[in-house]
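To find a chain, count down the sequence lines: A is the first, B the second, and so on, and within it residues start at 1.
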Protein chains: 2
Amino acid sequence: MNESQPTATADRILDVAEEMFAEQGYRGVSVRSITLACGANIAAVHYHFGSKQVLLEEIFARRSGAINAARLALLAQCADQPGRAPLLEQILEAYLRPSFAQPSGDKGAKRFMRLRSVVAHEQAELSKNLIARHFNATSHRFLEAIAAATPHLALEDVCWRFHFLLGAHYYTLSNPGRIQALSGDQCDPADLEAALAEMIAFAAAGFRALPCDRSQMSFAPSSAQSA
Amino acid sequence: MNESQPTATADRILDVAEEMFAEQGYRGVSVRSITLACGANIAAVHYHFGSKQVLLEEIFARRSGAINAARLALLAQCADQPGRAPLLEQILEAYLRPSFAQPSGDKGAKRFMRLRSVVAHEQAELSKNLIARHFNATSHRFLEAIAAATPHLALEDVCWRFHFLLGAHYYTLSNPGRIQALSGDQCDPADLEAALAEMIAFAAAGFRALPCDRSQMSFAPSSAQSA
DNA sequence: GTCTATAGAGCGATAGAC
DNA sequence: GTCTATCGCTCTATAGAC
């Protein structure tokens, strides 16, 4: 009857910890409060995982596999064919959609995005290692695909713009309240399909822009424009 | 000789705390370590500020005034004239440049950007209040200016795209290491003029894009594209 | 205004009974 | 595998001498 839950307690801890870390930060959530919230004993985290940090690493490992697999599966379906969206838009959707929501309808992917953002700020060194271990390979696959679709850009430009996309992506899924405050509640951050469509349109246009020209700056300090 | 430093200790605490909070997080830095790092007594923070949180609020108050003033001064200089960059690019530069570096050459503006990002994740509620108090008015001025320069967009689209710009902006100044890892050290995050030029080109193109069309999605779950 | 000393609370982690 | 009890540590904040 319960052969499908050999370590039900460990799974419950992973679920609850992911949610609490994402919403209250890593340092802001104690091992005590995690076990209390999921009905386990205070010592359960250290029994199942060994330490608070290993628990965090297990959360990363569990999520990243599914997201990477979904991204690469969609990337494999991208094709420059008549009647479909332009290839660049397809690639961007293949990259972004799995971190908005999994096909199963699980909303945890979005929460995990906020968790990554939280950890990047609170545990910079650990975050660098985890992101590199779990996401570098897939990110580079997409960087290459985008570079191939934007032959007018030097690789350096592609990297900067992909970096900006990452920032917009993290911020949108991590700070859903900010756009409500900015727009006077006209934008609904819970409408993930709208956010995704807006982000793809914005980023695709950004990637298509001509390489920037630094001499076109209006207020550079050396040109003594103002003071 | 020292009439210019009536509260030298408080100023030193503000400087050191801003740097330590930005690099190690708010919860990750103790009042003890701040006072130790700036040679003050352990009790100095509570004598001068009353609490750790008020110290953080004073850091916000001190920086935000200068940044807002610089932004609005540059915005007032923006004009759609031949021989200058397009108006949209001018507005974006007026918004972004003061948070990359102040005219005085002070690098603290960039550090303060990372501090805001850190606090947004660790102290979500406090951050919301501080950001609204110090930045909402100026941000709305720029939202209006951008909206006027992009008459093809609904206000909702302008808000989403401004939100994406905020995300790219925060991420670039908060996670300088990520673009080095992504680009194989081809992009130099310390070259702030390059980052600024790239960001303006990317965002300006994004704002100029046509409104997005949600029916153009390639992998929406309801269309049963894959599984 | 600067210092020492400490209160009072919460933390991660562990030992050892069951 | 689950529990209680507790160790040893760090934290913010404060009291009170100088």
Q) For residues 23-42 of chain A, which residue pairs qualify under salt bridge (Lys or Arg N to Asp or Glu O under 4.0 Å), counting only residues two or more places apart or in two chains? A) none

Q. Can you list every pair that meets side-chain hydrogen bond (donor to acceptor under 3.5 Å, both in side chains) and has a residue in residues 42-55 of chain A, with sequence neighbours left out?
A. A/Gln53-A/Glu57

Q.
Give the residues of residues 20-33 of chain A touching DNA chain C, defined as any heavy atom closer than 4.0 Å, sorted by residue number.
A. A/Val29, A/Ser30, A/Val31, A/Arg32

Q. Residues in salt bridge (Lys or Arg N to Asp or Glu O under 4.0 Å) with B/Glu156, at least two apart?
A. none

Q. If you look only at pairs with a residue in residues 98-118 of chain A, which of them pass as a salt bridge (Lys or Arg N to Asp or Glu O under 4.0 Å), with sequence neighbours excluded?
A. A/Glu18-A/Arg111, A/Arg63-A/Asp106

Q: Please identify each residue that fulfils salt bridge (Lys or Arg N to Asp or Glu O under 4.0 Å) with A/Asp191, with sequence neighbours left out.
A: B/Arg214

Q) Would one find a side-chain N or O of B/Thr9 under 4.0 angstrom from OP1 or OP2 of C/dG1? A) no

Q | Intermediate values then yes/no, side chain to side chain contact (heavy atoms under 4.5 Å, CB included), A/Glu93 and A/Leu74 | A | CA-CA 8 Å; A/Glu93 186 180 345; A/Leu74 293 182; 5.9 Å; no

Q. So which of residues 34-61 of chain B are in contact with DNA chain D, with a heavy-atom cut-off of under 4.0 Å?
A. B/His46, B/Ser51, B/Lys52

Q | Qualifying ring pair (Phe, Tyr, Trp, His ring centres under 6.0 Å) pairs, either residue in residues 99-125 of chain B, two or more places apart | A | A/His121-B/His121, B/Phe60-B/Phe112, B/Phe100-B/His169

**Q.** Nucleic acid contacts of residues 117-129 of chain B, taken as heavy-atom distances under 4.0 Å to DNA chain D
**A.** none

Q: Please collect all ring pair (Phe, Tyr, Trp, His ring centres under 6.0 Å) contacts where either partner lies in residues 178-197 of chain A, sequence neighbours excluded, each pair once.
A: none

In residues 160-168 of chain B, what donor-acceptor pairs under 3.5 Å come from side-chain atoms, sequence neighbours left out?
unit_1   : atom_1 : unit_2   : atom_2 : d
B/Arg161 : NH1    : B/Gly206 : O      : 2.9
B/Arg161 : NH1    : B/Ala209 : O      : 2.8
B/Arg161 : NH2    : B/Leu210 : O      : 3.1

Q. Is there any side-chain hydrogen bond (donor to acceptor under 3.5 Å, both in side chains) pair reaching into residues 122-134 of chain A, and which pairs are they, with sequence neighbours excluded?
A. A/Ser64-A/His134

